[in-house]
Engineer: 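Right, I'll just put the structure down here and ask away after.
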Amino acid sequence: MIETIVETIVIVTIVTASALYWVRRLVPASHGMFWRTSADMLRVIHAPRPLRDRATRRARQTEKRPTGCGACTKCGGGCH
């Protein structure tokens, strides 16, 4: 019985982590939404201030608009 519960928890954790990874890769805007929601939730539950500040900083970092030609990696400066 206990093994089944542990197996279920492990599988749910792995599937959730995989889903979050792929959502972030396929829909980058969701990353900002995640951090904004987390910061709001932490403020509501009165979490420790350093934790709230970190989530708020991460939310602000994701709000920056890409510059140049989409801020692609290894960009030489010219648009393709």
Engineer: Measuring from I2:CD1 to I5:CD1, what's the distance to the nearest 0.5 Å?
Structural biologist: 5.0 Å

Engineer: Considering only distance and modelled atom types, tabulate donor-acceptor pairs under 3.5 Å from the side chains of residues 11-21, sequence neighbours left out.
Structural biologist:
from: T13; atom 1: OG1; to: I9; atom 2: O; distance (Å): 2.8
from: T16; atom 1: OG1; to: V12; atom 2: O; distance (Å): 2.7
from: S18; atom 1: OG; to: I14; atom 2: O; distance (Å): 3.0

Engineer: What's the spacing between T56 OG1 and R36 CZ if we round to 0.5 Å?
Structural biologist: 11.5 Å

Engineer: For the backbone of A39 and the side chain of R52, can you confirm whether one donor and one acceptor N or O come within less than 3.5 Å of each other?
Structural biologist: no

Engineer: Nearest 0.5 Å please: distance from the CH2 atom of W35 over to the CG atom of L42.
Structural biologist: 9.0 Å

